[in-house]
Structure formats: structure tokens, C-alpha cells
Amino acid sequence: MQCSGTYRVHSTCSSVPGLIESTGYAAARQARSQFRLAIQIRNCWVVKYCSLYIHIYVLSPHKEQFKDLVIEGERPENKFNCTAIMSDPAIYTQDGTVDHTGKPAIKAKTGTWRACPFILGNEGCERLAYYGMSTNLVNYMKYRLHQSNAVAANNVTNWTGTCYIMPLLGAFVADAFLGRYRVIAVFSAIYVVQGMTLLTLSASVGGLRPTCHDNQCHANDGQVAVFFMSLYLIALGTGGIKPCVLSFGADQFDDADEYEKKKKSSFFNWFYLSINIGALIASSLLVWIQENIGWGWGFGIPTVAMAIAIISFLAGTRLYRNQKPGGSPLTRIAQVLVASIRKSRVLVPSDKSLLYETAEEESAIPGSRKLESTDEFTFFDKAAVETEADKIKTHPDPWKLCSVTQVEEWKSIIRILPIWATGIIFATVYSQMSTMFILQGDKMDRRVGSFKIPAAALSLVDTLSVIFWVPVYDRLIVPMARRFTGHDQGFTQLQRIGIGLVISIIAIATVAVVEIKRLEQVRIHDDYDLDSIPMSIFWQLPQYFIIGAAEVFTVIGHLEFFYDQAPDAMRSMCNALALTISALGSYSSTLLVIIVTHITTTNGKPGWIPDNLNYGHIDYLFWLLAILSLINFVVYLFIANWYKYKRPTGNCK
């Protein structure tokens, strides 16, 4: 049966613009199409029509707004009310994401938790590979490359620092040119094909691996060169993965949808959990394999894990939501700086609505929402003051006139930087876990019956701590805190970071106390040349567990803060900036060890960090870090109190 007659769509609801009239069957289809288009703009969706009249179903969380929406046919009996049957605000995402073909991402088919398992699987396997290779690296350098404690520790922290500084490169390429998906895929290939494979060969193939006799190993210059080449190729590979994979996962949740936005907060917790599941396997099974079966197997298994990570990531391609590259963020920042200086004598109007901004609802920057003008750093507002010379031109010169959103991008970075700086001391404390904690454990009783525990294996306690605290935080602490704070996430991002900083002070103080007890045992037995003193390595358990709790608060807090507060089109860059906290923490640890060693070894003294720690005082180093952490926390309180969260408006282009 064919439809006939005139169909009129109208409503007293302001969300439905215009009036649509059509006649006949074909016209009825046209009316449906036009109505669908009109309502889709206002977060509704027409999904069905049938024989005699059009059936309209509105998908909206605000059903009451559409109670007056009706369809009129040529006969009175064709008049009926619209029915709201679902609670989905739109067909497409409103944050500018696209699917793998470059078309606008359909909410029902892409993103959210349907895409996240592939990303979390990728991250878990990649972290297994990274920690499986890095957790025990200080011992490989000490015993296979025959390096001293200080040299091995500094080589590890220098390499770790590079792993966390290279993301600035990967993030720039992702935000400016290729997008996050392509950068992850390309740099993952470098990671596994060149870096991990070469590392495995350097530890297993004759001529590339160090020569060992009677438990004494020596490596020639060529072998050392191949080893470090593989390490820094891995650092390059991580430079593309680290800054992009977290942002890419968070991109799967639409910021314009309040329901999805709430789910995003949980994603950061479970993302960090997947990291630690990979680290758990690495710090237990792989460390044991490295010390008891061989380093070739110990590095080979992480290589296979990294290959699995790539497969997992590519398998979810059709489900991903992708943010378009927004162009060079560094160029946009430079334009604001240049335009501000050029207009240094121009007065900023008291009415911020007079500042230059695009007329469209969307920002002119692809992948970015508009930002409201703020009152801080008003000098840079000069870049958005439209002079008579600017008004003459059809297309403004971006080096002379910038939009409010572009100016606010730069202001957002300025606000973030002090928070970023206060994370460096925390990262310095955290980096001790891969160096001084292990060297401390090496000098303790590691026997459990006939089994000897590798000192590096205790880092799995940190991992277990994170695995314990993530669900506890997400399911227990957040709901409890929400009752008192009224905040959706229980704590604000800055409150969460601050709590972690306090816990880190407790952690490093605990390490110092354990070292004091260890040195007491050395003095009691009056034997400074013992390979291990009669004090169980399990004394280290509390320090690993406490620092794991600090991670759940501060590290995850940083991840969420830098993603959420970053300008939309600069999220990879800001995530890379967050990762440079770890880089500078590692470099700071190196610098601290160099300074402490130089000062404390004068006049032939063994210093705080000698090759035989029984003659040293690394407890002094730990107390120094505790004092620095306390000062850092006080500074953080002032900065956090000053900080104002960004205020986005509108949709992405």
C-alpha cells in the first residue's frame, strides 16, 4: 500500500526547527529524510516510516521536550504524537571524531568500551614488553656489561628519560600530520622490528652477546654499541606509542555526551591497570627467566609480546573513533606570541565578546572546540584584538590576528606547566624503584628455602599494589568521596594528584627506614663484605606497596588531568608533556646521583653510593628525596589553589 496525501511536521518544541510539507509516497520519503536531517542537528533522530503515514521515533534523553511533536496527514486519524524510545543524543559523535574511512563516527557502531579492549590489550602487551626488558636492565648492565653501580644506574635512568622525552616527537607528528592511529602503527613497527629484535639478538647471538667465563662477563665496544643502539631504537618506538595510545583510548568517549564523559574517567583507571598487568608478568616470570634460563629468552619473550600488541591494536581498526590532525600546535602557539608582541601597544577591550573569534559554532581548528576567553595572562589577548587594518582584509593574517580559541590554547599550556613541574620530584622518587631499590635488595637475604628471589622481582609488589588499588579506588573510594565532595569523580583531578604526592613522601621515608635497619645489621655482624646480610628482602614489601598506591593517585591523576585540560587539538602533545615528567624525573635522578657521588667521595671517602653499599649511606639519599618531596608538596598546594579548569564551548569541527 502506498502513502498519499500531505504530511506536515510541526512542533511547539523549539528543538525542532522549520515546517516540512510533502505529498505522495516519494514525497513522504523526502519528508522523512528532511525531518531526519532537521532533527538530527538538534540531537534527535527519525528512524522509521511506513505505509499510510510516517512513524517518527525521537532518540533523546529529554523526552518531555518532544511531547507536542506531531505528524498531520490529510485525514484527522493520521494525526498522532511522536514517541521517544531511546536515550541516545545523536547518530554521530559531536567531538569531531571520524571512523576508519574518514566519515563522521556513528555512535552506535564505534568507540566506547566496544573499542577499548583492543586498545587495552595493546597497552598490556606493550607494557609487558617494555617492563620485561627494562625491569632488570640495571643488573644486565652490571653483570653482563661489567659496569659499576653508579654507571649502570645512570645508564638506566638516562635511557628511561629518553623513552619519556621522545613522546614529544611522536605527539607532534600525531597532532600535526598523521593522527594518533597511524603514528601508533608506524612507531610500533620500529619498536618491535628494529628495537626489540636487535636487543634479543644482542643477548643471544654469538659475536653480539658479551663473553662470559666463571661468572665474569666482558663486552667489547661493538657489542656495547649494538646493545645501546637497540635500546635507543626502542626509545624511538615508545616515542610514538606512549603519547598517543592513552589519548587514542580516551578519544573513544565523546566529550559532548555527559554519559560517555563519565565513563571516560573509569577508562583512565583501567588503562593504568592494563599497564600493570603487563608489568606484573614482566617483573615476576620474565625476571626469573632472565636470571635462571638466559637473557636471550628473557628479551625474546617481550619481543613476541610486542608483536601481539600490534596485532591487537590493528584488529580493532573498524571500531575506532579518530580525531583529525589539527595542524601544527607549535605554529599556532608561535602565531599567538608573534601577534601579541606586534600588538603590544593595543588595548584589550573590557568586553571580551569584542575579541576576534570565528562566527561558526565550531572552532576553525580541526578537532577542537571553542574556548571561552579567560582573565589570566591578558597580554596574549592582544593577539585577538581586531584592528581596523585587520577588518579590511577578507582573510586575516594568522601572524597578526588570532582567534580567542587559539589564544586560550596557549593560555591552557601556561596554566598546565606549573602542575607539570611539581610532578618531577615525584618521578625522581619513583625512578628509584628501578635502580636503588634493586641495588638495596641485592644486599639483602633473598633466599626462600632453596629458591633465590631476584631483587628486581619485588617490583611486582608495586604492580600488585596498583592492581589492588585501581578497583578499590574506582568502586569504593570514589563513591565514598562523592558523598562528601559532591564531585562526580569523588575528587577533582588536582586533589587526586595531591593525595598521591603525600603518599609518595611516606613511601620514600619507608625506604630510608629499611636502609637504616639494613645498615644496623651490617654493623651488628661487623662484616661489611657480606654479599647479603641476614635481613630478609621482604622488608622491602611495604615500600613497593605504598609507592603503588601513590601511583594510582598521582600518575593516573596526571594522565586524566593532562588529557582533560589539554586543548582538544593538542592532546597528544600534552600527554607527551605529562610523560616528560618521568623523563625529567629520571634525568634528575641521574643528576642527583652524580652530585651526591661527587660531593661525598672527596678525600677518598666511599661516599653514599659505593659499589659495596654496606660501606655507603643511600639512606641519606632517600631522606634527601623525602625532604625535597615535602617542599614540592607545599609548592603544589599553592599552584593547585591558583589553577582554573578550562571552559570549552560548542562542538568540534
Side-chain angles (χ1 to χ4, degrees), residues 132-160 198-232 234 282-283 285-302 434-448 450-459 518 522 525 527-534 537 590 593-594 597 601 604 606-616 618:
M133 174 268 303
S134 66
T135 299
N136 208 20
L137 199 57
V138 68
N139 277 333
Y140 184 88
M141 293 182 180
K142 181 177 179 180
Y143 296 111
R144 296 287 170 157
L145 302 185
H146 202 63
Q147 296 178 346
S148 67
N149 281 341
V151 171
N154 282 348
N155 277 333
V156 170
T157 51
N158 286 339
W159 172 75
T160 302
L198 185 59
L199 179 67
T200 303
L201 294 175
S202 73
S204 56
V205 175
L208 293 179
R209 67 186 180 195
T211 304
C212 300
H213 296 290
D214 300 326
N215 293 325
Q216 292 291 323
C217 297
H218 297 277
N220 59 42
D221 292 342
Q223 291 166 342
V224 172
V226 170
F227 173 76
F228 279 101
M229 182 187 299
S230 67
L231 283 187
Y232 283 90
I234 291 170
S283 56
L285 178 62
L286 291 180
V287 168
W288 184 86
I289 289 173
Q290 289 164 356
E291 297 205 354
N292 293 275
I293 297 179
W295 288 93
W297 281 99
F299 290 150
I301 294 173
S434 62
T435 55
M436 295 303 166
F437 284 23
I438 295 174
L439 295 176
Q440 181 190 54
D442 282 338
K443 285 295 184 180
M444 302 174 79
D445 185 1
R446 297 185 283 134
R447 293 171 299 174
V448 178
S450 60
F451 181 73
K452 197 171 185 180
I453 301 172
L458 252 68
S459 62
R518 194 190 71 81
V522 172
H525 292 84
D527 190 346
Y528 288 80
D529 293 320
L530 283 173
D531 286 336
S532 63
I533 55 98
I537 195 173
T590 298
V593 168
I594 291 172
T597 301
T601 55
W608 291 2
I609 318 170
D611 285 342
N612 185 343
L613 293 182
N614 294 339
Y615 289 96
I618 59 171

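The structure presented is a predicted model; accordingly, all values stated were derived computationally and were not measured. Heavy-atom basis, side chains included; hydrogens, waters and symmetry copies ignored.
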Pairwise distance [atom1]([X]) to [atom2]([Y]) - rounded to 0.5 angstrom:
X	Y	atom1	atom2	result
W608	T597	CH2	OG1	10.0 Å
R447	K452	CZ	NZ	8.0 Å
S459	I438	OG	CD1	6.5 Å
T157	I594	OG1	CD1	8.0 Å
D445	I453	CG	CD1	9.0 Å
L198	F228	CG	CZ	13.0 Å

Ignoring hydrogens, what is the shortest heavy-atom contact between [X] and [Y]? Give both atom names and the distance.
X	Y	result
Y143	D442	OH-OD2, 4.3 Å
L145	A219	CD2-CB, 3.8 Å
V156	S434	CG1-OG, 4.4 Å
I537	A455	CD1-CA, 3.9 Å
L613	L439	CD1-O, 3.5 Å
F299	A203	CD1-CB, 3.6 Å

- [ ] For residues 201-210, pull every pair meeting side-chain hydrogen bond (donor to acceptor under 3.5 Å, both in side chains), keeping only residues two or more places apart or in separate chains.
- [x] none
TODO: Using a cut-off of 6.0 Å, state whether more than 12 heavy atoms not belonging to D221 lie near its atom CG.
DONE: no
Task: W159 atom CH2: more than 12 heavy-atom contacts under 6.0 Å - done: yes
With [X] via side chain to side chain donor-acceptor pair (under 3.5 Å) - residues at least two apart:
X	value
Q223	none
N292	none
N154	none
Q290	none

Open item on the list: Please tell me whether R518 and N614 have a donor and an acceptor in their side chains that are separated by less than 3.5 angstrom.
Closed with: yes
TODO: Using the six-membered ring wherever Trp is involved, compare the ring planes of Y140 and W295 and label them parallel, tilted or perpendicular (cut-offs 30° and 60°).
DONE: perpendicular
Task: For A153, all residues meeting side chain to side chain contact (heavy atoms under 4.5 Å, CB included), sequence neighbours excluded - done: T435
Task: Residue pair M436 / V593, side-chain heavy-atom distance below 4.5 Å - done: yes
TODO: Evaluate the side-chain contact (heavy atoms from CB on, under 4.5 Å) criterion for residues L286 and M133: first the C-alpha distance (whole Å), next the side-chain angles of each, then the deciding distance (0.1 Å), finally the verdict.
DONE: CA-CA 8 Å; L286 291 180; M133 174 268 303; over 6 Å; no
